[in-house]
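First comes the structure, then the notes that go with it.
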Amino acid sequence: MKYMVLKGKSHIGKYRYNVVGKIEASSLEIASDLFYKIFRRVMNKKNGETYIIIPDSQNMNVNSSNIQPLDGVPYSMIKYWEPGKGLP
């Protein structure tokens with residue numbers, strides 16, 4: 001099954017998502033794991049970057065700036081946070 005990878009961008013409390021790629025896997029969990037491995041190798045990560053993985057569908061209304069609400073659509077979210085000092 002094919003999955004779309006969307007990169008999120010926050011703008012004044014609203015999130016916009018751009019399609020950054022597609023990945024093929026047997027399930028959403030496998031797609032999430034595969035993308036996470038790829039994501040960890042990338043050196044240009046920024047704090048707070050958010051990616052959403054959703055099933056690729058011809059019925060999904062996706063344009064270049066945002067997607068419709070994900071009501072009833074299975075998805076997986078990956079978010080990068082800079083390592084910190086942790087709790088005191």
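Position 1 is the first residue of the sequence, and the numbers go up from there.
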**Pairwise distance CD1(Ile23) to CE(Met4) - rounded to 0.5 angstrom** = 13.5 Å

**Request:** Could you please spell out the steps behind the salt bridge (Lys or Arg N to Asp or Glu O under 4.0 Å) verdict for Lys79 and Glu49?
**Result:** CA-CA 6 Å; Lys79 190 162 190 165; Glu49 278 187 337; over 6 Å; no

**Prompt:** Hey, what do you get for CD1 (Ile30) to OG (Ser76), rounding to the nearest 0.5 Å?
**Reply:** 11.5 Å

**Message:** Please report the interatomic distance OH(Tyr51) to CG(Leu6), rounded to the nearest 0.5 Å.
**Reply:** 11.0 Å

**Item:** Value rounded to 0.5 Å, distance of CD1 in Ile52 from NZ in Lys7
**Value:** 13.5 Å

**Request:** Answer yes if Phe39 and Trp81 sit in the same cluster of Ile, Leu, Val, Met, Phe, Trp and Tyr residues linked by side chain heavy atoms under 4.5 Å apart, and no otherwise.
**Result:** no

**Item:** From Lys22 atom NZ to Ile53 atom CD1, the distance as rounded to the nearest 0.5 Å
**Value:** 14.0 Å

**Request:** Determine yes or no for a side-chain-to-main-chain donor-acceptor pair under 3.5 angstrom, with Tyr3 supplying the side chain and Leu28 the backbone.
**Result:** yes

**Request:** Check the surroundings of atom OH in Tyr36: do more than 12 heavy atoms from other residues, nucleotides or ligands lie under 6.0 Å from it?
**Result:** no

**Test item: Met1 and Pro55 side chains (from C-beta on) under 4.5 Å apart, heavy atoms** = yes

